[in-house]
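Protein chains get the first letters and strands the later ones, always in sequence-line order, with residue 1 at the start of each.
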Protein chains: 2
Amino acid sequence: MEGEKEFLKNYNIEKYDRPSVTTDVAMLTVRARQTDNYRTDERHSLSILLVRRGRHPYKGMWALPGGFLQRGESVEDCALRETVEETNVTPAALMPIGIFSDPGRDPRGWIISSAYVSVLGAEDIRQVGGDDAEDAKWFDISFDEKENEECELTLTNSDVVLHAQLHEKGSQFGRTDYDIKQSDLAFDHAKIIASAISAVRDQAKDANIVLDFLPEKFTLNEMQKVQEAITNVAVLSPNFRRKISGLVVETDEYRSGAGHRPAKLYRKKI
Amino acid sequence: MEGEKEFLKNYNIEKYDRPSVTTDVAMLTVRARQTDNYRTDERHSLSILLVRRGRHPYKGMWALPGGFLQRGESVEDCALRETVEETNVTPAALMPIGIFSDPGRDPRGWIISSAYVSVLGAEDIRQVGGDDAEDAKWFDISFDEKENEECELTLTNSDVVLHAQLHEKGSQFGRTDYDIKQSDLAFDHAKIIASAISAVRDQAKDANIVLDFLPEKFTLNEMQKVQEAITNVAVLSPNFRRKISGLVVETDEYRSGAGHRPAKLYRKKI
DNA sequence: CAAATAGTGTCTCTAAGACAATATCAC
DNA sequence: GTGATATTGTCTTAGAGACACTATTTG
């Protein structure tokens, strides 16, 4: 009878068929756009960071940052490492979206991907671009679910507009799954992005993830606008304030100069 | 310049270092135990199905059902297939728990695991045992979180008692992560089980997943007892009834013969 | 009848939605 | 002053928790 030590000595992992494993990260932030009227609030829009592929396959197309899992690191470490390498941005936390493993999802062969969302505050996004990150760009997101489970994803940039049509396949355990009907993005990344957005929208209901999108100090109106950009649902400001009052603390500072009453700055409660 | 077709023709996936991928499934159910007093309700307890390993490594120890991902199947299909093979039980739905990939988690080498929870109704669990499943057994779960983030997991069976001590590492996005301090189970499965339980407890708050644990027809008291077994929190029956009234529909049948007023049987609302 | 669950009604408190009203600044 | 956001207060309604009470069955 073979003992465990002996078994492990003779075990040859190379004998077995195994997939390559990649990670993909949907990095989201909320950006403000200038308005004509100096008095009026900026428009806020949920945005995603994409990189243009410099290599085959899908060379020249836009894709999520990510890459192959290396020996000695956890999947989450890999997602973090690849994100920093490709975009020069270091995400604070990664939220797992799911594992994408449909046969045929990658033309190179048997490759499965573990996908994450990360959320960036206003301070982090300035770093974008750098050594390896020349082709990393922010895209404004428009993602609407129509009546008959058909969804339209549009990613817009000053130069490019990317479209994808998806079909809502089902929603279980707070994660919605989609089928791609048409996509301008590399691989099955339109599907991953749609899942990522729906996961973040789900989280934003209890307002906690909203704070991750904000800088260290922020006005309550900014916070509300960020939530509205994520969830696509407008709320009344007194009710919003009441709801999130337990999550934030006042500072002594004010934001003024906008043609109306200055707003007190708040900070995330620890 | 190489085109995409040519690139793919020359691409050799074997050149790259890659991990083996397994799935592990925590199959949960709620079982009732007889009481002395014929009038009194049965005690309900959350239970998990474990298999005794017939091979190295961890030969003879108890572990979650699961196995290696094969070419041509999705990770979820693999989890389903392995579960049926090893336990003869077909789960209705799988809820993803996360991907466990710490270096060194498997003595055979670089092996990462995608973990799922599945929930079984009272009807399904009779099938357990069969061809390959002689060593599949149900264990009662006791899982308590103490003050200082220390957790004690105890799995009990008529023959065996398995212990594990865990440390709560942090809770993010509704998933709690644990460190193993001591474990009687194979691999890092104590950690996976703890994550699975905390995920199901989280879901059970909005009562929907509770229905998956029940047979086709059930009394509201049975439903309440199941929820209490999962969450470890007792509730008042009028309030419970009010809360779940929208999730169920009456049938014409009653459950009688228990020394007290018969209870109407309900069914899950579609 | 006693014990035990089945099931209803209702009081209180909290949280959410709607909306009215006041405050303060830049031009 | 005017137009814009900032901030507070309050009315109403929906839901959760607590609890008292009635209904029905079997030994």
Side-chain angles (χ1 to χ4, degrees), chain A residues 32-44 204-208 210 214 217-229 231-267, chain B residues 32-44 204-208 210 214 217-229 231-267:
Chain A
R33 279 177 295 183
Q34 296 291 337
T35 42
D36 325 335
N37 185 339
Y38 88 101
R39 275 189 211 259
T40 313
D41 264 8
E42 299 143 323
R43 301 255 161 205
H44 287 71
K205 276 184 209 147
D206 48 69
N208 232 315
V210 174
L214 290 162
K217 293 171 189 168
F218 49 86
T219 70
L220 296 188
N221 188 41
E222 282 165 4
M223 182 172 176
Q224 180 179 344
K225 286 290 186 296
V226 167
Q227 173 176 302
E228 290 177 348
T231 60
N232 233 347
V233 176
V235 294
L236 296 172
S237 84
N239 301 340
F240 176 79
R241 285 164 165 265
R242 200 175 40 201
K243 181 163 184 183
I244 57 91
S245 58
L247 303 175
V248 297
V249 279
E250 289 184 355
T251 69
D252 292 334
E253 297 167 60
Y254 288 84
R255 170 116 68 234
S256 57
H260 49 73
R261 176 171 170 180
K264 188 164 269 193
L265 291 178
Y266 287 76
R267 180 196 301 271
Chain B
R33 279 177 293 184
Q34 296 291 335
T35 41
D36 325 335
N37 185 338
Y38 86 102
R39 275 190 214 261
T40 312
D41 265 8
E42 299 143 321
R43 301 252 162 207
H44 288 71
K205 275 184 211 147
D206 48 69
N208 233 314
V210 174
L214 290 162
K217 292 169 187 169
F218 50 86
T219 70
L220 295 188
N221 187 42
E222 283 165 4
M223 183 172 174
Q224 183 179 343
K225 287 289 188 296
V226 166
Q227 174 178 299
E228 290 177 350
T231 59
N232 234 346
V233 176
V235 294
L236 296 172
S237 83
N239 300 340
F240 176 78
R241 284 163 167 267
R242 200 174 40 201
K243 181 164 184 183
I244 57 91
S245 59
L247 303 175
V248 297
V249 278
E250 289 184 353
T251 69
D252 293 335
E253 296 167 61
Y254 287 83
R255 170 116 67 233
S256 58
H260 50 73
R261 176 172 171 179
K264 188 164 270 194
L265 292 178
Y266 287 76
R267 181 197 298 273

Trainee: Using only modelled atom types and a 3.5 angstrom limit, is any donor from either the side chain of A:Arg261 or the base of D:dA6 paired with an acceptor on the other?
Mentor: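 By the distance-only test, yes, there is a pair.
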Trainee: For the side chain of B:Arg39, counting heavy atoms from C-beta on, which of D:dA6, D:dG27, C:dT10 is nearest?
Mentor: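 The nucleotide sitting nearest to the side chain is D:dG27.
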Trainee: For A:Gln224 versus A:Leu236, what's the shortest heavy-atom pair and its separation?
Mentor: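 Shortest heavy-atom separation between A:Gln224 and A:Leu236 comes out as NE2-C, 4.1 Å.
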Trainee: Can you tell me the distance, in whole Å, between the CD atom of B:Glu228 and the P atom of C:dT5?
Mentor: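 Distance, rounded to whole Å: 12 Å.
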Trainee: A:Ser256 near the nucleic acid: base, sugar-phosphate alone, or nothing, with a heavy-atom cut-off under 4.0 Å?
Mentor: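 The answer is nothing, as A:Ser256 stays clear of every strand by at least 4.0 Å.
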Trainee: Is the shortest heavy-atom distance from the side chain of A:Phe240 to the side chain of A:Gln227 under 4.5 Å?
Mentor: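 SC-SC contact between A:Phe240 and A:Gln227 confirmed.
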Trainee: May I ask you to decide if B:Pro262's main-chain N or O and B:Ser256's side chain share a donor-acceptor pair within less than 3.5 Å?
Mentor: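 Flag not set: sc B:Ser256 to bb B:Pro262 has no pair under 3.5 Å.
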Trainee: Can you tell me how far C1' of C:dA23 sits from OH of A:Tyr254, to the nearest Å?
Mentor: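 After rounding, the reported distance stands at 12 Å.
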Trainee: Please report the distance, rounded to the nearest Å, between CG in A:Leu265 and C1' in D:dT5.
Mentor: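 These atoms are roughly 14 Å apart.
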Trainee: Can a donor-acceptor pair under 3.5 Å be found between the side-chain atoms of A:Arg242 and the base atoms of C:dG17?
Mentor: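 Answer yes: a donor N or O sits under 3.5 Å from an acceptor.
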Trainee: The side chain of B:Pro238 lies closest to which of these nucleotides: D:dA20, D:dT24, C:dT24?
Mentor: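 The nucleotide sitting nearest to the side chain is D:dA20.
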Trainee: Let me know, please, whether A:Leu220 or A:His260 comes out on the 5' side of the other along DNA chain D by nearest nucleotide.
Mentor: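 Per heavy-atom nearest nucleotide, the more 5' residue is A:His260.
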Trainee: Starting at atom OH of A:Tyr266, determine the distance to atom P of D:dA6, rounded to an integer number of angstrom.
Mentor: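 Checked: the OH to P distance equals 11 Å.
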Trainee: Specify the separation, in whole Å, of atom CG of A:Leu236 and atom C1' of C:dG17.
Mentor: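 Rounded to the whole Å, the gap is 7 Å.
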Trainee: Taking the minimum atom-to-atom distance to the side chain of A:Asn239, which one of C:dC19, D:dG3, C:dG7 wins?
Mentor: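 Per side-chain heavy atoms of A:Asn239, the pick is C:dC19.
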Trainee: How close or far is atom C1' of C:dA15 from atom CG of A:Leu247, stated in whole angstroms?
Mentor: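 These atoms are roughly 14 Å apart.
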Trainee: Nearest heavy atom decides the nucleotide; on that basis, is B:Lys264 or B:Gly259 closer to the 5' end of DNA chain C?
Mentor: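 Nearest nucleotide further toward 5': that of B:Gly259.
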Trainee: Measuring to OP1 and OP2 of C:dA6, would you say a side-chain N or O of B:Asn221 lies under 4.0 angstrom away?
Mentor: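 Yes, such a contact exists.
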Trainee: Within a radius of less than 6.0 Å around CZ of B:Arg43, do more than 12 heavy atoms belonging to other residues, nucleotides or ligands occur?
Mentor: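 12 or below, so no.
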Trainee: Separation of A:Ile244 atom CD1 from D:dT7 atom P, in whole Å?
Mentor: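 Those two atoms, CD1 and P, are 11 Å apart.
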Trainee: Write down the distance between CZ (B:Arg241) and P (C:dG9), rounded to a whole number of angstrom.
Mentor: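 Nearest whole value for this atom pair: 12 Å.
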Trainee: Answer whether the closest heavy-atom distance between the side chains of B:Tyr266 and B:Lys217 falls below 4.5 Å.
Mentor: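 In short, these two side chains do not touch, never coming nearer than 4.5 Å.
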